[in-house]
S.K.: 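What follows is a structure written as structure tokens; I'll ask about it next.
Keep in mind that the numbers below use all heavy atoms, side chains included, and drop hydrogens, waters and symmetry copies. Keep in mind that what you see is a predicted model, and the values were worked out from it rather than measured.
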Amino acid sequence: NQGEKFICSAGNQDMDYWRRLALECDRATRNSSKHKGTHAREVILYIPNDFLELTKKEQQEILENLAVLINKWCGTSCFIAAHDSHAKTDDPEGNAHLHILISERPRLHRDEIKVAERNLFFDENNHRRRKKSEITDEYGNLRKGCYVVPKGGVVSLFGSKYDDMSSVQWTKDIKRHLSEWVNTTF
């Protein structure tokens, strides 16, 4: 956001994980009006400005420990970014806070990962097509945005969406966990 100073970030997955999650969520919800395009829940957590006085290493360690706790509480992956938005407030001390993205779908264990039994063809809108000719141009080249999952390739790395993450109770629970974490950490 404009006026926010990035401090540091941590997570328990790399960016390829989040790209794959977005692709699979889009594919899974393409025919549904419910949860269209939702890949993760965002929670904004205000933290004491004392966080700003810590060394970069200490800040990083705090976020990494929080990522482990969120994984334990929610059973899914997360990404955390720490910001200071003192430019947006009257407080000269700063306004330290965390943006926390929590995946709504768990990553499958190795033995659960779905693998293609034959070549699978997908068009520009992630719709599955029966034949390769449906996703190629007149020269036999893949059209932009189309792709093939080859036989033996990974079809899905993620399990079903946790529907309870959309509930009021889940929101209350995660806020309680995060408040307790702030109170014991700072």
S.K.: Taking only residues two or more places apart in sequence, or in another chain, which ones meet D173 in a side chain to side chain donor-acceptor pair (under 3.5 Å)?
M.R.: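 Here the qualifying residues are Q169.
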
S.K.: Can you list every side-chain hydrogen bond (donor to acceptor under 3.5 Å, both in side chains) pair that touches residues 176-186, not counting sequence neighbours?
M.R.: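 Only W181-T185 qualify under side-chain hydrogen bond (donor to acceptor under 3.5 Å, both in side chains).
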
S.K.: For A81, give me all partners under side-chain contact (heavy atoms from CB on, under 4.5 Å), at least two apart in sequence or on another chain.
M.R.: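 Testing A81 for side-chain contact (heavy atoms from CB on, under 4.5 Å), a comparison that skips the adjacent residues, returns F6, S9, F79, H83.
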
S.K.: Under the side-chain contact (heavy atoms from CB on, under 4.5 Å) test, which residues partner R130, sequence neighbours left out?
M.R.: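 Listed in chain order: E134.
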
S.K.: Using a 4.5 Å cut-off on heavy atoms from C-beta on, say whether the side chain of T171 contacts that of K175.
M.R.: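 Yes. Closest side-chain heavy atoms under 4.5 Å.
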
S.K.: Which atom pair, heavy atoms only, marks the closest approach of P106 to S160?
M.R.: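 Of all heavy-atom pairs spanning P106 and S160, the closest is CD-O, 3.3 Å.
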
S.K.: Considering all heavy atoms of both residues, which atom of T55 and which atom of E58 are nearest to each other, and what is their separation?
M.R.: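 Nearest heavy atoms, T55 then E58: N-OE1, 2.9 Å.
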
S.K.: Tracing side-chain links under 4.5 Å among I, L, V, M, F, W and Y, which residues wind up in one group with V115?
M.R.: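 None; V115 is a cluster of one.
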
S.K.: E124: what forms a salt bridge (Lys or Arg N to Asp or Glu O under 4.0 Å) with it, not counting sequence neighbours?
M.R.: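 E124 satisfies salt bridge (Lys or Arg N to Asp or Glu O under 4.0 Å) with R143 only.
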
S.K.: The test is side-chain contact (heavy atoms from CB on, under 4.5 Å); show your working for N12 and C78 and say whether it passes.
M.R.: CA-CA 6 Å; N12 45 23; C78 69; 4.2 Å; yes

S.K.: Relative to each other, are the rings of Y147 and F122 parallel, tilted or perpendicular (30° and 60° limits)?
M.R.: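 Answer is parallel, since the angle falls under 30°.
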
S.K.: Quick one: which residue pairs count as a ring pair (Phe, Tyr, Trp, His ring centres under 6.0 Å) with a foot in residues 47-71, not counting sequence neighbours?
M.R.: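 For residues 47-71, and leaving out neighbouring residues, there are no ring pair (Phe, Tyr, Trp, His ring centres under 6.0 Å) pairs at all.
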
S.K.: Among residues at least two apart in sequence or on other chains, which ones pass side chain to side chain donor-acceptor pair (under 3.5 Å) with Q13?
M.R.: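 Checked Q13 against side chain to side chain donor-acceptor pair (under 3.5 Å); matches are S77.
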
S.K.: So do E104 and Y162 actually touch side chain to side chain, heavy atoms under 4.5 Å?
M.R.: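 A side-chain contact under 4.5 Å is absent here.
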
S.K.: Between S85 and H97, what is the shortest heavy-atom contact and its length?
M.R.: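 Between these two residues, the closest heavy atoms are OG-CE1, 3.5 Å.
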
S.K.: For L66 and I100: C-alpha separation, side-chain torsions, deciding distance, then whether side-chain contact (heavy atoms from CB on, under 4.5 Å) applies.
M.R.: CA-CA 10 Å; L66 178 57; I100 306 169; 4.2 Å; yes

S.K.: Among all residues two or more places apart in sequence or in another chain, which pass the side chain to side chain donor-acceptor pair (under 3.5 Å) test with T76?
M.R.: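 T76 satisfies side chain to side chain donor-acceptor pair (under 3.5 Å) with no residue once adjacent residues are dropped.
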
S.K.: The criterion is side-chain contact (heavy atoms from CB on, under 4.5 Å); which residues satisfy it with A96, sequence neighbours excluded?
M.R.: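 A96 satisfies side-chain contact (heavy atoms from CB on, under 4.5 Å) with I47, N49, L52 only.
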
S.K.: If only atom types and distance count, is the side chain of D137 paired as donor or acceptor with the main-chain N or O of Y139 below 3.5 Å?
M.R.: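 Such a contact is found between D137 side chain and Y139 backbone.
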
S.K.: For E61, does its backbone N or O pair with a side-chain atom of N65 as donor and acceptor, under 3.5 Å?
M.R.: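 Flag set: sc N65 to bb E61 pair under 3.5 Å.
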
S.K.: Under a 4.5 Å cut-off applied to non-hydrogen side-chain atoms, are H39 and W18 in contact?
M.R.: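 Side-chain contact under 4.5 Å: no.
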
S.K.: Can you name the side chain to side chain donor-acceptor pair (under 3.5 Å) partners of D50, sequence neighbours left out?
M.R.: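 By the side chain to side chain donor-acceptor pair (under 3.5 Å) rule, D50 matches no residue at all.
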
S.K.: Cluster partners of F121, using ILVMFWY side-chain heavy atoms under 4.5 angstrom, listed by chain and number?
M.R.: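 Besides F121, the hydrophobic cluster comprises I135, L142, V148, listed by chain and residue number.
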
S.K.: For residues A10 and Q60, report the shortest heavy-atom separation together with the two atoms involved.
M.R.: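 Where A10 meets Q60 most closely, the heavy atoms are CB-NE2, 3.7 Å.
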
S.K.: Where is the tightest heavy-atom contact between L54 and I62, given as atom of each residue plus distance?
M.R.: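 Taking every non-hydrogen atom into account, CD1-CD1, 3.4 Å.
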
S.K.: So, for D123 and C146, which heavy atoms are closest and what is the spacing to 0.1 Å?
M.R.: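 The answer is CA-SG, 3.7 Å.
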
S.K.: Under 3.5 Å, is there a donor-acceptor pair between the side chain of D84 and the main chain of N95?
M.R.: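 Side chain of D84 to backbone of N95: a pair is present.
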
